[in-house]
Visitor: 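To start, I am sharing the structure in question, which I have written as structure tokens.
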Amino acid sequence: MPELPEVEMVARHLRALLAGKTVRKAQLLQPGIAPEHPPRQFAQWLRGARVETVARRGKHILTHLSNGRTLLTHLRMTGRFLYVAAEAELEPHTHAVFWLDDGQKLLYSDVRRFGRLQIVKTAELDETKALRQLAPEPFDPAFTPEYLFRALKRSRQPIKLFLLDQTRVVGLGNIYAAEALHRAGINPQLPAQQLSRPRTDRLHTEIVAVLNDAIAYESTLNTDPRDLDASYTGGTYESLTRVYDRAGQPCLTCGTLVRRFTQGARSTYYCPRCQRR
DNA sequence: ACTAAAGCCTGGCTGC
DNA sequence: TGCAGCCAGGCTTTAG
């Protein structure tokens, strides 16, 4: 389940693999993953386009093309790219194929078809629905403790749900939201607007730190750009998790048993001792 | 304006 | 053994 650090790794690897290369031909096999475009239109916009660079915004991957368009990708839960020889068999659940001018092809595969591809004019990127509402990047100077405090004050939601809302904070998913709250010693049920200013500063620090730690860790572990999906299927972030998916096991800080409960229809993990309201 | 919940999907696991 | 039923969860859409 790629969150910001895993998407960052995929974007970096795609950049290394694709920058300067030309898409000879593209094919959309499963139109449902690109609902904005007819498959032929999708293929036409990519054919002959050179990849200028690959960037990331939140959990979206932005592949900038020489024709003034950008391929927007969101992997959601199980989306992944594979970089294989042009004559290689297609992986199961391959929904799009991009033949490159280096004798390789890029596959987009997604078992559950939650992920989405979209092609937009690069000049209109910031106005697209997918990106328009997003909060500042956690590593951007605009993401300050003041920003976070003001956003928290406007919400009565439990803070865990607040952290998952990409219009307030970008990049956290279920795993890193739980980890950031654990590191900051905050109970996931606390109403967002009740977080004090000092604890907001601490939370801000831990959000940035947990994402940075994950990126640093995955960077050392996954150095081959061709391992495009190893960063989130190879058991990387699990090594960083101190509460996520550890219900019934001792908290790594204090030994109290980690608890799990359902919040917003998904599992929240926390330590009842370290994370008081 | 805000929050809550349903729906999208399918593989893997559990329990009968 | 086989199979029904549940679970995983990011995001959009719909309902309240």
Side-chain angles (χ1 to χ4, degrees), chain A residues 1-11 28-37 56-62 72-81 90-96 108-118 120 127-135 137-138 150-181 188-195 207 211 214 229 231-238 241 243-248 258-270:
Chain A
M1 288 125 278
E3 302 181 24
L4 186 150
E6 293 74 41
V7 176
E8 175 65 22
M9 291 304 299
V10 174
L28 184 61
L29 303 171
Q30 172 57 254
I33 65 155
E36 321 272 337
H37 325 294
R56 178 190 59 74
R57 175 74 174 99
K59 301 176 197 171
H60 300 262
I61 297 167
L62 285 56
L72 259 177
T73 309
H74 197 304
L75 303 173
R76 299 276 183 105
M77 303 293 296
T78 49
R80 62 197 185 118
F81 284 105
L90 292 189
E91 284 278 309
H93 311 293
T94 297
H95 305 316
Y108 175 76
S109 161
D110 185 352
V111 165
R112 288 163 68 181
R113 300 187 206 168
F114 273 23
R116 290 289 177 265
L117 306 185
Q118 188 187 356
V120 299
E127 284 79 51
T128 61
K129 205 155 90 177
L131 305 185
R132 195 175 46 198
Q133 312 258 41
L134 291 182
E137 284 293 311
R150 275 199 283 270
L152 285 162
K153 276 282 164 277
R154 288 195 297 267
S155 172
R156 279 183 289 274
Q157 278 187 303
I159 192 155
K160 160 79 180 322
L161 299 181
F162 173 95
L163 292 180
L164 292 176
D165 183 345
Q166 304 295 301
T167 69
R168 307 186 197 269
V169 179
V170 119
L172 298 176
N174 206 38
I175 297 170
Y176 294 118
E179 295 304 318
L181 287 172
Q189 286 181 288
L190 181 76
Q193 62 186 189
Q194 287 181 24
L195 196 69
I207 288 169
L211 295 174
D229 63 335
S231 57
Y232 59 93
T233 58
T236 56
Y237 57 68
E238 286 87 346
T241 55
V243 283
Y244 180 80
D245 205 23
R246 295 195 62 248
V258 171
R259 287 189 194 164
R260 178 181 93 114
F261 69 104
T262 300
Q263 204 176 17
R266 42 188 96 122
S267 293
T268 294
Y269 301 86
Y270 76 110

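Proteins come first, then strands; the chains are lettered A, B, ... in the order of their sequence lines, and each starts at number 1. No hydrogens, no waters, no symmetry mates; every other heavy atom, side chains included, goes into these values.
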Visitor: In whole Å, I'd like the distance from the CD1 atom of Ile33(A) to the P atom of dC11(C).
Guide: 17 Å

Visitor: Between dA4(B), dT10(B), dT3(B), which nucleotide gets closest to the side-chain atoms of Leu161(A)?
Guide: dA4(B)

Visitor: For the pair made of CD in Gln133(A) and P in dT12(C), what is the distance, rounded to whole Å?
Guide: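 My rounded result for the distance is 9 Å.
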
Visitor: Between dG10(C), dT10(B), dT3(B), which one does the side chain of Arg168(A) approach most closely?
Guide: dT3(B)

Visitor: Rounded to the nearest 0.5 Å, what separation is found between the CD1 atom of Ile159(A) and the CD atom of Gln157(A)?
Guide: 10.5 Å

Visitor: Below the 4.0 Å mark, does dC7(C) have OP1 or OP2 next to a side-chain nitrogen or oxygen of Arg112(A)?
Guide: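 The answer is no; no side-chain N or O of Arg112(A) sits under 4.0 Å from OP1 or OP2.
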
Visitor: Are the aromatic ring centres of Tyr270(A) and Phe261(A) under 6.0 angstrom apart?
Guide: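 Yes, the ring centres sit under 6.0 Å apart.
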
Visitor: Hey, is the side chain of Lys59(A) poking within less than 4.0 Å of OP1 or OP2 on dG10(C), counting only N and O atoms?
Guide: no

Visitor: Could you state the CG-P distance from Leu75(A) to dC11(C), rounded to the nearest angstrom?
Guide: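 So the CG-P distance, Leu75(A) to dC11(C), works out to 10 Å.
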
Visitor: Return the nearest nucleotide to the side chain of Asn174(A); candidates are dT3(B), dG10(C), dA8(C).
Guide: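 So the nucleotide nearest the side chain must be dG10(C).
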
Visitor: For Arg156(A), answer base if it contacts any base atom (sugar-phosphate contacts may also be present), sugar-phosphate if it contacts only those atoms, and nothing otherwise; contact means non-hydrogen atoms under 4.0 Å.
Guide: sugar-phosphate

Visitor: Quick check for you: to the nearest 0.5 Å, what is the distance between Leu161(A) atom CG and Gln189(A) atom CD?
Guide: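 The CD atom of Gln189(A) is 9.5 Å from CG of Leu161(A), to the nearest 0.5 Å.
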
Visitor: Among dG10(C), dT3(B), dA8(C), find the nucleotide with the atom closest to the side chain of Tyr244(A).
Guide: dA8(C)

Visitor: Report yes if at least one side-chain N or O of Thr78(A) is closer than 4.0 Å to OP1 or OP2 of dC9(B); otherwise report no.
Guide: no

Visitor: Please tell me which of Arg76(A) and His93(A) maps to the more 5' nucleotide of DNA chain B, matching each residue to the nucleotide holding its nearest heavy atom.
Guide: Arg76(A)

Visitor: Check the distance between dA1(B)'s P and Asp165(A)'s CG and give it to me in whole angstrom.
Guide: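 Whole-Å distance recorded here is 16 Å.
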
Visitor: What's the CG-P distance between Leu117(A) and dG10(C), to the nearest Å?
Guide: 19 Å

Visitor: Can you name the nearest heavy-atom pair linking Leu117(A) to Ala96(A), along with the distance?
Guide: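 The answer is CD1-CB, 3.9 Å.
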
Visitor: Taking 4.0 Å as the cut-off, does a side-chain nitrogen or oxygen of Ser267(A) come that near to OP1 or OP2 on dA8(C)?
Guide: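 For dA8(C), OP1/OP2 do have a side-chain N/O of Ser267(A) under 4.0 Å.
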
Visitor: Mind calculating the distance between CD (Gln157(A)) and P (dC2(B)) to the nearest angstrom?
Guide: 11 Å

Visitor: If I compare all heavy atoms of Lys59(A) with all of Pro2(A), which pair ends up nearest, and what's the gap?
Guide: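 Taking every non-hydrogen atom into account, CD-O, 4.2 Å.
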
Visitor: Met77(A) has an atom CE; how far is it from atom C1' of dT12(C), in whole Å?
Guide: 15 Å

Visitor: Can you tell me which nucleotide in dA8(C), dT3(B), dC11(C) comes closest to the side chain of Arg266(A)?
Guide: dC11(C)

Visitor: Consider the side chain of Leu164(A), meaning its heavy atoms from C-beta on, and name the nucleotide among dA8(C), dT3(B), dG10(C) that approaches it most closely.
Guide: dG10(C)

Visitor: Using a heavy-atom cut-off of under 4.0 Å over every strand shown, decide if Arg113(A) touches base, sugar-phosphate, or nothing.
Guide: sugar-phosphate

Visitor: Side chain of Gln166(A) only, heavy atoms from C-beta on: which candidate in dT10(B), dC11(C), dG10(C) is closest?
Guide: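 Per side-chain heavy atoms of Gln166(A), the pick is dC11(C).
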
Visitor: When you look at CZ of Arg57(A), are more than 12 heavy atoms from neighbouring residues, nucleotides or ligands closer to it than 6.0 Å?
Guide: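 Yes, CZ of Arg57(A) has more than 12 neighbouring heavy atoms, counting only those of other groups under 6.0 Å.
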
Visitor: Taking atom P of dT3(B) as reference, at what distance in whole Å does atom NZ of Lys160(A) sit?
Guide: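 Spelled out: NZ on Lys160(A) to P on dT3(B) is 16 Å.
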
